[in-house]
Amino acid sequence: MKRPFFAVLGGMGTLATESYIRLVNAATHAHSDQEYLDYVVFNDASVPDRTAFIVGESDDDPFPVIADDIDKASAMGASFIVLTCNTAHYFHDRFQALTDVPILHMPREAVKRLSQLYPASRTTRVGFLGTVGSRASGVYKHAVEEAGYTFVEPDDALQARITSLIYDDVKGSGELNLNRYESVLRDMLDPAGPCACDALILGCTELSVLNEAFPLPQLPVIDAQAVLVDVTVERAKALRS
């Protein structure tokens, strides 16, 4: 009997998808080929830019392209679907309405982990780092506030630096710079700074690429992609039980 598998909808961007797959394979702790998880990856680089569409800078709608991938994954018999792009979760409820196959919700899983590690009873201000599109979508804002925290967005200057990390460094040159990355985190956590955050959520898979390259466990940071990896592995292993 063929083992159950899950589907990964990636390509948004490709480097971040590779990072997610690499982390899933590592977290599986396999000791033979047969112990790895079964999955299918849609590295669909043709998906239009999510942020540009959400903020009204483009009429090129990414929804139909991703919806087609969801239809294909469902027809193939996937047990669940992973959407690796944070910004694409703007469409999550519409995507889920297309299929009976569960689509994991990365922002909600990230906030669930936040609540476990940094409870709202002693952590108040949670800062969000992501694309302008993710901010505009309100997906993380809703999940964070629903969990009892104050949602903090970076000011314009900090957002410009975050956007540069995403588009100029990871998506663009591929040159990852620890100082540029860490300075943004520390400025958002600075009690005397404009954000004065108690904890942070990395809500962009390009930022997750930086987190993988430069882990900073001493800082109160929740990496949404790392959480998604844990949830994916746990759920996929449960399918084999």
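- Atoms CZ and SG, from Phe91 and Cys85 in turn, are 9.5 Å apart once rounded to the nearest 0.5 Å.
- Placement of Leu37 and Met106 within a single hydrophobic cluster is found when ILVMFWY residues are connected by side-chain heavy-atom separations under 4.5 Å, directly or transitively.
- Side-chain atoms of Ser134 never come within 3.5 Å of backbone atoms of Gly130 as a donor-acceptor pair (strictly under, hydrogens ignored).
- The heavy-atom pair separating Ala27 from Val229 by the smallest distance is CB-CG1, 4.0 Å.
- By the criterion of side-chain heavy atoms lying less than 4.5 angstrom apart, applied directly or through intervening Ile, Leu, Val, Met, Phe, Trp or Tyr residues, Val152 is not grouped with Leu219; the two fall into different hydrophobic clusters.
- For the residue pair Gln159/Thr163, the side-chain donor-acceptor check at 3.5 Å is satisfied.
- Side-chain N/O atoms of Ser183 and Asn179 include no donor and acceptor closer than 3.5 Å.
- Side-chain atoms of His92 never come within 3.5 Å of backbone atoms of Val139 as a donor-acceptor pair (strictly under, hydrogens ignored).
- Inspection of the Gln225 and Ser19 side chains reveals an N or O donor paired with an N or O acceptor under 3.5 Å.
- The aromatic ring centres of Phe63 and Phe53 sit 6.0 Å or more apart.
- For the pair Asp169 (side chain) and Leu176 (backbone), a donor-acceptor distance under 3.5 Å is absent.
- With contacts defined as side-chain heavy-atom distances shorter than 4.5 Å, the pair Ile222/Leu202 does not qualify.
- Side-chain polar atoms of Asp44 and Ser46 form a donor-acceptor pair below 3.5 angstrom.
- The side-chain heavy atoms of Val221 and Leu216, taken from C-beta on, include no pair separated by under 4.5 Å.
- Counting all heavy atoms, side chain and backbone alike, Ala7 lies closest to Ala73 at CB-CB, 3.6 Å.
- Applying the salt bridge (charged side-chain N to carboxylate O under 4.0 Å, His left out) test to pairs two or more places apart or on separate chains, those with a residue in residues 221-241 are Asp38-Arg240, Arg113-Asp230.
- Remark: the Asn25 side chain and the Tyr20 side chain contain no N/O donor-acceptor pair separated by less than 3.5 Å.
- Judged by distance alone, the side chain of Thr17 and the main-chain N or O of Asn43 form no donor-acceptor pair under 3.5 Å.
- Under the 3.5 Å distance criterion, the side-chain polar atoms of Asp198 are left unmatched by any main-chain donor or acceptor of Thr123.
- Under 4.0 Å is where a charged nitrogen must lie from a carboxylate oxygen, and between Lys72 and Asp68 at least one such pair does.
- Contact check for Leu210 versus Leu165: side-chain heavy atoms found under the 4.5 Å cut-off.
- For the atom pair OH of Tyr36 and NE2 of His29, the computed distance is 10.5 Å after rounding to the nearest 0.5 Å.
- Residues Met76 and Ile103 share a single hydrophobic cluster, defined by chaining ILVMFWY side chains whose heavy atoms lie under 4.5 Å apart.
- A donor-acceptor pair is defined here as one N or O able to donate and one able to accept, closer than 3.5 Å; such a pair exists between the side chain of Arg125 and the backbone of Cys195.
- Of all the heavy atoms in Ala16 and Glu206, the pair that sits closest is CB-OE2, 3.6 Å.
- Crowding of Lys112 atom NZ: a count of heavy atoms from other residues, nucleotides or ligands under 6.0 Å not exceeding 12.
- Across all their heavy atoms, Ala110 and Tyr140 have their closest contact at CB-CE2, 4.2 Å.
- Scanning both residues, Ser115 and Ala147, for their nearest heavy atoms gives OG-CB, 4.0 Å.
- In this structure the side chain of Phe128 never reaches within 4.5 angstrom of the side chain of Leu200, judged on heavy atoms.
- Here the straight-line distance linking atom OG of Ser74 with atom CD1 of Ile81 works out to 4.0 Å at 0.5 Å rounding.
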Walk me through it: do Tyr167 and Thr131 pass the test side chain to side chain contact (heavy atoms under 4.5 Å, CB included)? CA-CA 9 Å; Tyr167 286 96; Thr131 65; 4.1 Å; yes

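- Once rounded to the nearest 0.5 Å, the distance linking CZ of Arg94 with CD1 of Ile66 reads 10.0 Å.
- Residues Leu83 and His89 are in side-chain contact: their nearest non-hydrogen atoms beyond the backbone lie under 4.5 Å apart.
- Here the side chains of Thr87 and Pro62 are not in contact, with every heavy-atom distance at 4.5 Å or above.
- Judged purely by atom type and a 3.5 angstrom limit, Glu35 uses its side chain to pair as donor or acceptor with the backbone of His31.
- In this structure, Thr84 contributes its side chain and Leu9 its backbone to a donor-acceptor pair below 3.5 Å.
- Linking ILVMFWY residues whenever their side-chain heavy atoms come closer than 4.5 Å, directly or via other members, places Ile166 and Met188 in the same cluster.
- At least one side-chain heavy atom of Tyr39 sits under 4.5 Å from a side-chain heavy atom of Ile21.
- No donor-acceptor pair closer than 3.5 Å links the side chain of Thr99 to the backbone N or O of Gln96.
- The minimum heavy-atom distance between Val101 and Ala78, with the atom names listed, is CG1-O, 3.5 Å.
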Verify side chain to side chain contact (heavy atoms under 4.5 Å, CB included) between Asn211 and Leu207, making sure each step is shown before the conclusion. CA-CA 6 Å; Asn211 182 63; Leu207 298 176; over 6 Å; no

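- A salt bridge does not link Arg22 to Glu18: none of the charged side-chain nitrogens sits closer than 4.0 Å to a carboxylate oxygen.
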Quick one: do Phe6 and Val82 satisfy side chain to side chain contact (heavy atoms under 4.5 Å, CB included)? Show the steps, please. CA-CA 8 Å; Phe6 62 94; Val82 179; 4.1 Å; yes

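- Ser137 and Arg50 share no side-chain donor-acceptor pair at under 3.5 Å.
- When hydrophobic clusters are built by joining Ile, Leu, Val, Met, Phe, Trp and Tyr residues whose side-chain heavy atoms come closer than 4.5 Å, directly or via intermediates, Met12 is grouped together with Phe95.
- By the 4.5 Å heavy-atom criterion applied to side chains, Val126 and Thr150 are not counted as neighbours.
- For the atom pair CG (Leu129) and CG (Leu185), the distance works out to 6.0 Å, reported to the nearest 0.5 Å.
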